[in-house]
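Report on one structure; see the data block that follows.
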Amino acid sequence: MRVALFITCVNDTLFPGTGRAVVTLLRRLGCEVDFPRAQTCCGQMHVNTGYPQEGTRLARHFADVFAGYDAVVTPSGSCAAMVREQYPRLARTAAAAGRSASSGTARGAGGRAAGRTADPSFAEEVAALVPKVHDLSEFLVDVLGVTDVGAYFPHRVTYHPTCHSLRGLRLGDRPTRLLEQVRGLELVPLPGAEECCGFGGTFAVKNPAVSAAMCADKAHNVMATGAEVLCAADNSCLMHIGGALGRQRTGIRVMHLAEILAATEGGETAAALAGPAARTLAAPAGATSPGPAAGTPPEPGPAVHGRTGEER
(Lines give C-alpha, C1' and ligand atoms only; values in the text may rest on other atoms or scores of the structure.)
Protein backbone atom coordinates (compact mmCIF):
# COMPACT_ATOMS: atom_id res chain seq x y z
CA MET A 1 0.00 0.00 0.00
CA ARG A 2 1.37 3.41 -1.03
CA VAL A 3 0.86 5.83 1.86
CA ALA A 4 1.58 9.56 2.02
CA LEU A 5 2.62 11.16 5.31
CA PHE A 6 0.78 14.43 5.97
CA ILE A 7 3.01 15.88 8.69
CA THR A 8 1.11 19.14 9.59
CA CYS A 9 2.62 22.52 10.43
CA VAL A 10 3.20 22.06 14.15
CA ASN A 11 4.85 18.67 13.73
CA ASP A 12 6.98 19.86 10.82
CA THR A 13 8.18 22.89 12.77
CA LEU A 14 8.43 21.62 16.33
CA PHE A 15 8.10 17.83 16.51
CA PRO A 16 9.76 16.15 13.50
CA GLY A 17 10.39 13.07 15.65
CA THR A 18 6.68 12.30 15.49
CA GLY A 19 6.83 12.17 11.69
CA ARG A 20 9.83 9.87 11.82
CA ALA A 21 7.96 7.63 14.27
CA VAL A 22 5.00 7.36 11.88
CA VAL A 23 7.32 6.37 9.05
CA THR A 24 9.13 3.81 11.22
CA LEU A 25 5.85 2.27 12.33
CA LEU A 26 4.18 2.12 8.91
CA ARG A 27 7.27 0.68 7.22
CA ARG A 28 7.44 -1.97 9.93
CA LEU A 29 3.88 -2.90 9.02
CA GLY A 30 4.72 -3.25 5.34
CA CYS A 31 3.56 0.08 3.94
CA GLU A 32 5.41 2.05 1.28
CA VAL A 33 5.62 5.54 2.77
CA ASP A 34 6.18 8.75 0.83
CA PHE A 35 6.68 12.27 2.14
CA PRO A 36 5.40 14.76 -0.48
CA ARG A 37 7.65 17.76 0.00
CA ALA A 38 5.25 20.13 -1.73
CA GLN A 39 2.75 19.82 1.13
CA THR A 40 1.88 22.96 3.10
CA CYS A 41 -0.65 24.00 5.74
CA CYS A 42 -4.06 22.37 5.37
CA GLY A 43 -5.74 25.76 5.89
CA GLN A 44 -7.39 25.05 9.23
CA MET A 45 -6.15 28.19 10.93
CA HIS A 46 -7.29 30.34 8.01
CA VAL A 47 -10.78 28.89 7.81
CA ASN A 48 -11.30 28.95 11.58
CA THR A 49 -10.30 32.60 11.84
CA GLY A 50 -12.44 33.91 8.98
CA TYR A 51 -10.28 33.61 5.86
CA PRO A 52 -12.09 31.00 3.75
CA GLN A 53 -10.64 32.21 0.44
CA GLU A 54 -7.08 31.65 1.66
CA GLY A 55 -8.10 28.36 3.24
CA THR A 56 -9.68 27.19 -0.01
CA ARG A 57 -6.50 27.86 -1.95
CA LEU A 58 -4.55 25.77 0.55
CA ALA A 59 -7.18 23.02 0.33
CA ARG A 60 -6.89 23.02 -3.47
CA HIS A 61 -3.12 22.67 -3.17
CA PHE A 62 -3.54 19.84 -0.65
CA ALA A 63 -5.80 17.97 -3.05
CA ASP A 64 -3.19 18.33 -5.82
CA VAL A 65 -0.26 17.22 -3.65
CA PHE A 66 -1.93 14.14 -2.16
CA ALA A 67 -3.77 12.88 -5.22
CA GLY A 68 -2.88 9.37 -6.36
CA TYR A 69 -2.03 7.78 -3.02
CA ASP A 70 -3.82 4.77 -1.57
CA ALA A 71 -4.01 6.54 1.80
CA VAL A 72 -2.95 9.79 3.46
CA VAL A 73 -1.97 9.35 7.12
CA THR A 74 -1.44 12.14 9.62
CA PRO A 75 -0.40 12.19 13.29
CA SER A 76 -3.03 14.86 13.99
CA GLY A 77 -6.69 14.31 14.66
CA SER A 78 -7.24 18.03 14.29
CA CYS A 79 -5.86 18.40 10.78
CA ALA A 80 -7.45 15.13 9.67
CA ALA A 81 -10.78 16.50 10.88
CA MET A 82 -10.15 19.71 8.94
CA VAL A 83 -9.75 17.79 5.69
CA ARG A 84 -12.66 15.44 6.31
CA GLU A 85 -15.15 17.98 7.67
CA GLN A 86 -14.23 21.33 6.12
CA TYR A 87 -12.90 20.46 2.66
CA PRO A 88 -16.27 19.25 1.33
CA ARG A 89 -17.86 22.49 2.56
CA LEU A 90 -15.13 24.59 0.96
CA ALA A 91 -15.57 22.69 -2.30
CA ARG A 92 -19.32 23.28 -2.29
CA THR A 93 -18.82 26.98 -1.60
CA ALA A 94 -16.24 27.25 -4.38
CA ALA A 95 -18.55 25.47 -6.81
CA ALA A 96 -21.41 27.83 -5.93
CA ALA A 97 -19.13 30.81 -6.37
CA GLY A 98 -18.07 29.50 -9.75
CA ARG A 99 -21.66 29.07 -10.90
CA SER A 100 -22.49 32.54 -9.68
CA ALA A 101 -19.54 34.06 -11.50
CA SER A 102 -20.21 32.21 -14.75
CA SER A 103 -23.86 33.29 -14.74
CA GLY A 104 -22.85 36.89 -14.45
CA THR A 105 -24.40 37.46 -11.04
CA ALA A 106 -21.05 38.12 -9.36
CA ARG A 107 -19.70 41.60 -10.04
CA GLY A 108 -16.80 43.72 -8.87
CA ALA A 109 -14.83 42.51 -5.88
CA GLY A 110 -17.28 39.65 -5.27
CA GLY A 111 -16.79 38.37 -8.79
CA ARG A 112 -13.04 38.51 -8.48
CA ALA A 113 -13.17 36.61 -5.18
CA ALA A 114 -15.35 33.92 -6.73
CA GLY A 115 -12.96 33.55 -9.64
CA ARG A 116 -10.04 32.94 -7.33
CA THR A 117 -11.58 29.80 -5.84
CA ALA A 118 -13.93 28.55 -8.56
CA ASP A 119 -12.75 25.25 -9.99
CA PRO A 120 -15.20 22.64 -11.27
CA SER A 121 -12.71 19.83 -10.64
CA PHE A 122 -12.11 20.79 -7.00
CA ALA A 123 -15.25 19.11 -5.65
CA GLU A 124 -14.48 15.91 -7.55
CA GLU A 125 -10.92 15.81 -6.24
CA VAL A 126 -12.06 16.43 -2.68
CA ALA A 127 -14.71 13.71 -2.93
CA ALA A 128 -12.05 11.25 -4.10
CA LEU A 129 -9.45 12.30 -1.53
CA VAL A 130 -11.40 12.73 1.72
CA PRO A 131 -12.13 9.01 2.32
CA LYS A 132 -8.40 8.30 2.03
CA VAL A 133 -7.31 10.73 4.75
CA HIS A 134 -6.86 9.08 8.14
CA ASP A 135 -5.62 9.79 11.62
CA LEU A 136 -2.85 7.32 12.42
CA SER A 137 -4.88 5.26 14.88
CA GLU A 138 -7.88 4.78 12.58
CA PHE A 139 -5.57 3.87 9.70
CA LEU A 140 -3.94 1.16 11.81
CA VAL A 141 -7.18 -0.25 13.23
CA ASP A 142 -9.65 0.27 10.37
CA VAL A 143 -7.50 0.07 7.23
CA LEU A 144 -4.62 -2.23 8.18
CA GLY A 145 -6.75 -4.14 10.68
CA VAL A 146 -4.13 -4.31 13.42
CA THR A 147 -4.03 -3.38 17.10
CA ASP A 148 -0.80 -5.16 18.05
CA VAL A 149 1.92 -3.33 16.11
CA GLY A 150 4.82 -5.05 17.86
CA ALA A 151 5.57 -2.15 20.20
CA TYR A 152 7.33 -2.32 23.56
CA PHE A 153 7.19 0.51 26.09
CA PRO A 154 7.58 -0.48 29.76
CA HIS A 155 6.07 2.59 31.39
CA ARG A 156 2.90 3.80 33.11
CA VAL A 157 0.91 5.84 30.56
CA THR A 158 -2.33 7.79 30.57
CA TYR A 159 -4.15 8.89 27.41
CA HIS A 160 -5.82 12.24 26.69
CA PRO A 161 -8.37 12.14 23.83
CA THR A 162 -8.07 15.51 22.08
CA CYS A 163 -11.26 17.30 21.09
CA HIS A 164 -11.00 16.96 17.32
CA SER A 165 -10.06 13.29 17.53
CA LEU A 166 -12.87 12.63 20.01
CA ARG A 167 -15.68 14.78 18.62
CA GLY A 168 -14.63 15.40 15.02
CA LEU A 169 -13.17 12.10 13.88
CA ARG A 170 -14.94 10.07 16.59
CA LEU A 171 -11.90 7.87 17.11
CA GLY A 172 -13.49 6.27 20.13
CA ASP A 173 -11.33 3.57 21.70
CA ARG A 174 -9.00 3.04 18.73
CA PRO A 175 -5.99 4.75 20.38
CA THR A 176 -6.47 2.93 23.68
CA ARG A 177 -6.93 -0.40 21.93
CA LEU A 178 -3.52 0.14 20.35
CA LEU A 179 -1.94 1.16 23.65
CA GLU A 180 -3.40 -1.87 25.43
CA GLN A 181 -1.46 -4.15 23.08
CA VAL A 182 1.92 -2.48 23.72
CA ARG A 183 4.08 -4.90 25.67
CA GLY A 184 5.20 -3.64 29.07
CA LEU A 185 2.88 -0.64 29.00
CA GLU A 186 0.53 -0.01 31.92
CA LEU A 187 -2.41 2.10 30.71
CA VAL A 188 -4.20 4.01 33.46
CA PRO A 189 -7.46 5.93 32.97
CA LEU A 190 -7.40 9.73 32.99
CA PRO A 191 -10.07 11.39 35.16
CA GLY A 192 -12.16 13.83 33.14
CA ALA A 193 -10.54 12.50 29.98
CA GLU A 194 -13.15 13.94 27.64
CA GLU A 195 -12.78 17.47 28.98
CA CYS A 196 -10.91 19.90 26.71
CA CYS A 197 -7.37 20.82 27.77
CA GLY A 198 -8.01 24.47 26.87
CA PHE A 199 -5.71 24.76 23.86
CA GLY A 200 -8.05 24.89 20.85
CA GLY A 201 -5.54 26.81 18.73
CA THR A 202 -6.71 30.40 18.54
CA PHE A 203 -8.94 29.83 21.57
CA ALA A 204 -5.83 29.88 23.77
CA VAL A 205 -4.85 33.22 22.22
CA LYS A 206 -8.26 34.88 22.43
CA ASN A 207 -9.16 33.51 25.87
CA PRO A 208 -5.84 32.98 27.68
CA ALA A 209 -7.22 33.07 31.23
CA VAL A 210 -9.93 30.50 30.50
CA SER A 211 -7.46 28.39 28.54
CA ALA A 212 -4.98 28.41 31.43
CA ALA A 213 -7.68 27.42 33.93
CA MET A 214 -8.80 24.50 31.76
CA CYS A 215 -5.20 23.39 31.33
CA ALA A 216 -4.63 23.53 35.10
CA ASP A 217 -7.58 21.19 35.63
CA LYS A 218 -6.26 18.81 33.00
CA ALA A 219 -2.75 18.84 34.47
CA HIS A 220 -4.19 18.12 37.93
CA ASN A 221 -6.03 15.09 36.57
CA VAL A 222 -2.91 13.85 34.79
CA MET A 223 -0.89 14.07 38.01
CA ALA A 224 -3.60 12.15 39.87
CA THR A 225 -3.00 9.10 37.66
CA GLY A 226 0.57 8.58 38.78
CA ALA A 227 1.56 8.17 35.12
CA GLU A 228 5.09 8.64 33.86
CA VAL A 229 3.90 9.65 30.40
CA LEU A 230 0.89 11.53 29.04
CA CYS A 231 -0.02 10.36 25.55
CA ALA A 232 -2.30 11.96 22.93
CA ALA A 233 -2.82 12.05 19.17
CA ASP A 234 -2.20 15.82 18.78
CA ASN A 235 1.14 17.37 19.68
CA SER A 236 -0.24 20.88 20.14
CA CYS A 237 -2.44 19.70 23.01
CA LEU A 238 0.50 17.80 24.46
CA MET A 239 2.62 20.95 24.20
CA HIS A 240 -0.09 22.91 26.02
CA ILE A 241 -0.54 20.41 28.85
CA GLY A 242 3.18 19.68 28.94
CA GLY A 243 3.86 23.34 29.64
CA ALA A 244 1.71 23.19 32.75
CA LEU A 245 3.27 19.91 33.89
CA GLY A 246 6.75 21.28 33.31
CA ARG A 247 6.20 24.49 35.24
CA GLN A 248 5.10 22.41 38.21
CA ARG A 249 8.16 20.16 37.87
CA THR A 250 6.01 17.04 37.94
CA GLY A 251 8.48 14.87 36.04
CA ILE A 252 5.66 13.67 33.78
CA ARG A 253 6.59 13.65 30.14
CA VAL A 254 4.34 14.05 27.12
CA MET A 255 4.57 11.77 24.12
CA HIS A 256 2.65 11.34 20.88
CA LEU A 257 0.87 8.04 20.29
CA ALA A 258 3.03 7.40 17.21
CA GLU A 259 6.23 7.50 19.24
CA ILE A 260 5.01 4.90 21.69
CA LEU A 261 3.75 2.63 18.93
CA ALA A 262 7.06 2.94 17.07
CA ALA A 263 9.04 1.84 20.13
CA THR A 264 10.45 -1.68 20.15
CA GLU A 265 12.38 -3.69 22.69
CA GLY A 266 16.01 -2.66 22.50
CA GLY A 267 15.12 0.41 20.46
CA GLU A 268 15.97 3.93 21.53
CA THR A 269 12.39 4.77 22.48
CA ALA A 270 12.04 1.76 24.76
CA ALA A 271 14.68 3.23 27.06
CA ALA A 272 12.68 6.45 27.01
CA LEU A 273 12.73 7.67 30.56
CA ALA A 274 16.27 6.58 31.27
CA GLY A 275 18.03 9.20 29.22
CA PRO A 276 17.79 12.82 28.08
CA ALA A 277 14.72 13.77 26.10
CA ALA A 278 14.91 14.20 22.35
CA ARG A 279 11.93 16.47 21.81
CA THR A 280 12.48 20.21 21.97
CA LEU A 281 10.41 23.24 21.08
CA ALA A 282 13.08 24.59 18.76
CA ALA A 283 13.26 21.86 16.13
CA PRO A 284 14.13 23.34 12.71
CA ALA A 285 11.35 23.74 10.20
CA GLY A 286 11.46 21.23 7.38
CA ALA A 287 13.25 18.59 9.44
CA THR A 288 10.76 15.94 8.47
CA SER A 289 12.63 13.69 6.08
CA PRO A 290 11.77 10.10 6.94
CA GLY A 291 14.34 8.50 9.21
CA PRO A 292 14.76 5.08 10.78
CA ALA A 293 14.48 6.04 14.43
CA ALA A 294 11.42 6.71 16.52
CA GLY A 295 11.39 9.71 18.84
CA THR A 296 11.97 9.55 22.57
CA PRO A 297 9.63 10.92 25.23
CA PRO A 298 10.10 14.68 25.51
CA GLU A 299 10.53 16.83 28.52
CA PRO A 300 7.44 18.95 29.16
CA GLY A 301 7.71 22.15 27.15
CA PRO A 302 7.00 25.80 27.98
CA ALA A 303 3.60 27.43 27.95
CA VAL A 304 1.88 27.91 24.62
CA HIS A 305 -0.57 30.65 25.50
CA GLY A 306 0.03 33.19 22.77
CA ARG A 307 0.77 30.70 20.00
CA THR A 308 -1.59 30.67 17.06
CA GLY A 309 -2.95 27.73 15.08
CA GLU A 310 -5.29 24.90 15.89
CA GLU A 311 -4.65 21.47 17.40
CA ARG A 312 -2.17 19.75 15.15
Side-chain angles (χ1 to χ4, degrees), residues 10 15 18 75-78 80-81 135-138 141 147 151 153-201 203-204 207-261 263 272-273 277 279 297-305 307 310-312:
V10 166
F15 306 114
T18 296
S76 169
S78 177
D135 161 83
L136 174 64
S137 67
E138 64 180 353
V141 175
T147 52
F153 191 74
H155 300 288
R156 186 179 174 93
V157 176
T158 192
Y159 175 77
H160 166 62
T162 61
C163 291
H164 281 91
S165 65
L166 180 69
R167 299 174 178 88
L169 295 180
R170 302 185 184 278
L171 292 184
D173 66 350
R174 292 175 182 86
T176 54
R177 286 165 61 190
L178 290 160
L179 289 171
E180 287 167 352
Q181 296 299 316
V182 175
R183 281 176 283 283
L185 185 148
E186 179 188 358
L187 182 63
V188 293
L190 175 64
E194 296 188 358
E195 295 176 6
C196 177
C197 72
F199 179 64
F203 175 85
N207 304 278
V210 176
S211 174
M214 295 171 71
C215 188
D217 288 343
K218 180 64 68 172
H220 174 80
N221 287 340
V222 171
M223 289 185 283
T225 67
E228 300 170 80
V229 175
L230 170 65
C231 173
D234 283 277
N235 269 327
S236 57
C237 294
L238 286 175
M239 182 169 63
H240 185 59
I241 305 167
L245 295 172
R247 287 190 297 276
Q248 297 180 65
R249 301 185 182 277
T250 64
I252 301 171
R253 303 193 184 192
V254 295
M255 190 171 185
H256 194 281
L257 175 67
E259 295 168 303
I260 291 179
L261 297 180
L273 304 180
R279 180 182 292 185
E299 297 286 356
V304 298
H305 309 303
R307 293 189 182 276
E310 306 305 311
E311 298 171 16
R312 306 247 170 113

For Glu195, enumerate each residue passing the salt bridge (charged side-chain N to carboxylate O under 4.0 Å, His left out) test, keeping only those at least two apart in sequence or located in another chain. none
Not counting sequence neighbours, which residues clear side-chain hydrogen bond (donor to acceptor under 3.5 Å, both in side chains) with Gln181? List them please. none
side-chain contact (heavy atoms from CB on, under 4.5 Å) against Met223, all qualifying residues, sequence neighbours excluded: Leu245, Gln248, Thr250, Ile252
Nearest heavy atoms of Cys231 and Leu238, plus distance in Å: C-CD2, 4.1 Å
Smallest heavy-atom separation, Ser76 atom then Asp234 atom, equals OG-OD1, 3.1 Å
Main chain of Gly192, side chain of Lys218: is a donor-acceptor contact present, judged purely on distance under 3.5 Å? yes
Sequence-distant partners of Ser137, side-chain hydrogen bond (donor to acceptor under 3.5 Å, both in side chains), two or more places apart: Asp135
His155 side chain to Glu228 main-chain N or O, any donor-acceptor pair under 3.5 Å? no
Sequence-distant partners of Arg167, salt bridge (charged side-chain N to carboxylate O under 4.0 Å, His left out), two or more places apart: none
Distance from Thr18 atom OG1 to Asn235 atom CG, nearest 0.5 Å? 4.0 Å
Heavy-atom side-chain proximity of Arg253 to Leu230 below 4.5 angstrom: no
Going by salt bridge (charged side-chain N to carboxylate O under 4.0 Å, His left out), name the residues that satisfy it together with Asp217, two or more places apart in sequence or in a different chain. none
Under 3.5 Å, which donor-acceptor pairs do the side chains of residues 169-179 form with other protein atoms, sequence neighbours left out?
| unit_1 | atom_1 | unit_2 | atom_2 | d |
| --- | --- | --- | --- | --- |
| Arg174 | NE | Asp142 | OD1 | 3.2 |
| Arg174 | NE | Asp142 | OD2 | 2.9 |
| Arg174 | NH1 | Arg170 | O | 3.1 |
| Arg174 | NH1 | Leu171 | O | 2.9 |
| Arg174 | NH2 | Asp142 | OD2 | 3.1 |
| Thr176 | OG1 | Asp173 | O | 3.0 |

Write down the atom of Cys196, the atom of Met214, and the distance for their closest heavy-atom approach. CB-CE, 3.6 Å
Measuring from Arg247:CZ to Cys215:SG, what's the distance to the nearest 0.5 Å? 6.5 Å
For Arg156, what residues pass the salt bridge (charged side-chain N to carboxylate O under 4.0 Å, His left out) criterion, not counting sequence neighbours? Glu186
Across all chains, not counting sequence neighbours, the side-chain contact (heavy atoms from CB on, under 4.5 Å) partners of Ala193 are Pro161, Leu190
Which heavy atom of Phe153 sits nearest a heavy atom of Val182, and at what distance? N-CG1, 3.6 Å
Looking only at non-hydrogen atoms, find the nearest pair between Val188 and Ala227 and report the distance. CG2-CB, 4.2 Å
Go through the steps for Val254 and Met239 under the test side chain to side chain contact (heavy atoms under 4.5 Å, CB included), then give the verdict. CA-CA 8 Å; Val254 295; Met239 182 169 63; over 6 Å; no
Which heavy-atom pair separates Ser211 from Gly198 by the least distance, and what is that distance? OG-O, 2.5 Å
